[in-house]
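Below: the structure, in C-alpha coordinates.
The figures here come from the full heavy-atom set of this structure, side chains too, leaving out hydrogens, waters and symmetry mates.
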Amino acid sequence: MQNEHRTEPREQIQLPVGLAGGRQTLTRDISATGLFIEMDSVQQVGGLIDLEIELDTPGGPMKLKAQGQIMRIEQQGGKTGVGVKLLSSRLEPVE
(Lines give C-alpha, C1' and ligand atoms only; values in the text may rest on other atoms or scores of the structure.)
Protein backbone atom coordinates (compact mmCIF):
# COMPACT_ATOMS: atom_id res chain seq x y z
CA MET A 1 0.00 0.00 0.00
CA GLN A 2 1.35 3.39 -1.01
CA ASN A 3 1.43 6.30 1.44
CA GLU A 4 -0.56 9.30 0.25
CA HIS A 5 1.44 12.55 0.44
CA ARG A 6 -0.86 14.79 -1.60
CA THR A 7 -2.36 17.84 0.05
CA GLU A 8 -4.69 18.85 -2.80
CA PRO A 9 -7.20 16.79 -4.80
CA ARG A 10 -6.08 15.80 -8.30
CA GLU A 11 -8.20 16.27 -11.39
CA GLN A 12 -7.87 13.64 -14.13
CA ILE A 13 -7.40 15.97 -17.10
CA GLN A 14 -5.14 16.06 -20.13
CA LEU A 15 -3.61 19.47 -20.78
CA PRO A 16 -0.78 20.16 -23.24
CA VAL A 17 2.53 20.88 -21.48
CA GLY A 18 5.54 22.57 -23.04
CA LEU A 19 8.96 21.46 -21.78
CA ALA A 20 12.51 22.68 -22.36
CA GLY A 21 13.83 22.19 -25.88
CA GLY A 22 10.42 22.56 -27.49
CA ARG A 23 9.24 19.14 -26.30
CA GLN A 24 5.53 18.61 -25.68
CA THR A 25 3.59 16.18 -23.48
CA LEU A 26 0.23 15.94 -21.70
CA THR A 27 -0.79 15.94 -18.07
CA ARG A 28 -2.39 12.77 -16.72
CA ASP A 29 -3.67 14.67 -13.71
CA ILE A 30 -3.15 18.05 -12.09
CA SER A 31 -3.81 19.84 -8.79
CA ALA A 32 -3.03 23.22 -7.28
CA THR A 33 0.32 21.88 -6.01
CA GLY A 34 1.46 19.35 -8.60
CA LEU A 35 0.90 17.30 -11.72
CA PHE A 36 1.78 14.03 -13.41
CA ILE A 37 3.20 13.90 -16.96
CA GLU A 38 4.82 11.33 -19.24
CA MET A 39 8.22 11.99 -20.80
CA ASP A 40 10.51 10.23 -23.26
CA SER A 41 13.69 11.23 -21.43
CA VAL A 42 15.31 9.77 -18.33
CA GLN A 43 14.61 11.75 -15.16
CA GLN A 44 15.78 11.59 -11.54
CA VAL A 45 13.83 12.03 -8.32
CA GLY A 46 14.73 15.43 -6.88
CA GLY A 47 15.49 16.94 -10.29
CA LEU A 48 13.98 20.27 -11.35
CA ILE A 49 11.78 20.73 -14.40
CA ASP A 50 10.48 23.88 -16.12
CA LEU A 51 7.11 23.69 -17.84
CA GLU A 52 4.38 25.78 -19.47
CA ILE A 53 0.66 25.04 -19.72
CA GLU A 54 -1.63 27.16 -21.88
CA LEU A 55 -5.04 27.78 -20.31
CA ASP A 56 -8.27 29.17 -21.77
CA THR A 57 -9.76 31.70 -19.35
CA PRO A 58 -12.78 34.03 -19.57
CA GLY A 59 -10.31 36.92 -20.01
CA GLY A 60 -8.45 35.19 -22.84
CA PRO A 61 -5.64 32.65 -23.13
CA MET A 62 -3.09 32.58 -20.31
CA LYS A 63 0.13 30.65 -19.89
CA LEU A 64 1.05 29.02 -16.58
CA LYS A 65 4.83 29.00 -16.31
CA ALA A 66 6.14 26.83 -13.49
CA GLN A 67 9.14 25.10 -12.02
CA GLY A 68 8.66 21.83 -10.23
CA GLN A 69 10.60 19.15 -8.44
CA ILE A 70 10.35 15.52 -9.52
CA MET A 71 8.93 13.59 -6.57
CA ARG A 72 8.10 10.23 -8.14
CA ILE A 73 8.96 8.24 -11.26
CA GLU A 74 7.02 5.39 -12.89
CA GLN A 75 8.50 3.44 -15.82
CA GLN A 76 5.76 2.10 -18.07
CA GLY A 77 5.76 0.97 -21.69
CA GLY A 78 8.93 2.82 -22.72
CA LYS A 79 7.70 6.08 -21.18
CA THR A 80 8.76 7.76 -17.96
CA GLY A 81 5.85 8.93 -15.80
CA VAL A 82 6.83 11.81 -13.55
CA GLY A 83 5.04 13.16 -10.48
CA VAL A 84 5.97 16.83 -10.11
CA LYS A 85 5.51 19.08 -7.07
CA LEU A 86 5.16 22.72 -8.15
CA LEU A 87 7.72 24.96 -6.43
CA SER A 88 6.89 28.23 -8.18
CA SER A 89 4.41 29.36 -10.79
CA ARG A 90 3.09 32.48 -12.48
CA LEU A 91 0.36 33.32 -14.99
CA GLU A 92 1.13 35.42 -18.04
CA PRO A 93 -1.02 36.50 -20.98
CA VAL A 94 -0.32 34.59 -24.19
CA GLU A 95 1.32 36.91 -26.69
State, to 0.1 Å, how close [X] and [Y] come at their nearest heavy-atom pair, and which atoms those are.
X: Q43; Y: M39; answer: NE2-CE, 3.3 Å
X: P61; Y: E54; answer: CB-OE2, 4.2 Å
X: P9; Y: S31; answer: O-CB, 3.2 Å
X: K79; Y: E38; answer: CG-OE1, 4.0 Å

Is there a path from [X] to [Y] through hydrophobic residues (I, L, V, M, F, W, Y) whose side chains come within less than 4.5 Å of each other?
X: L91; Y: V84; answer: yes
X: I30; Y: M71; answer: no
X: F36; Y: L87; answer: no
X: I70; Y: I53; answer: yes
X: I73; Y: L35; answer: yes

[X] atom [atom1], over 12 foreign heavy atoms within 6.0 Å:
X: Q44; atom1: CD; answer: no
X: K65; atom1: NZ; answer: yes
X: E92; atom1: CD; answer: yes

#### Entry: Sub-4.5 Å side-chain heavy-atom contact between R23 and D40
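Contact flag for R23/D40 side chains = no.
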### Query
Got L19 and I37 here, is their nearest side-chain heavy-atom distance under 4.5 Å?
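Result yes, sub-4.5 Å side-chain heavy-atom pair found.
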### Query
Any donor-acceptor pair under 3.5 Å linking the side chain of T27 with the backbone of I13?
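Yes, T27 side chain to I13 backbone: donor-acceptor pair under 3.5 Å.
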### Message
Working to the nearest 0.5 angstrom, can you tell me the gap between D29 CG and Q14 CD?
### Response
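If we round to the nearest 0.5 Å, D29:CG and Q14:CD are 10.5 Å apart.
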#### Entry: Reported CD-to-CD distance for the pair Q24 and E52, which is rounded to 0.5 angstrom
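Those atoms lie 9.0 Å apart.
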### Message
Pair T25, L51 - check side chain to side chain contact (heavy atoms under 4.5 Å, CB included), show working.
### Response
CA-CA 10 Å; T25 189; L51 54 96; over 6 Å; no
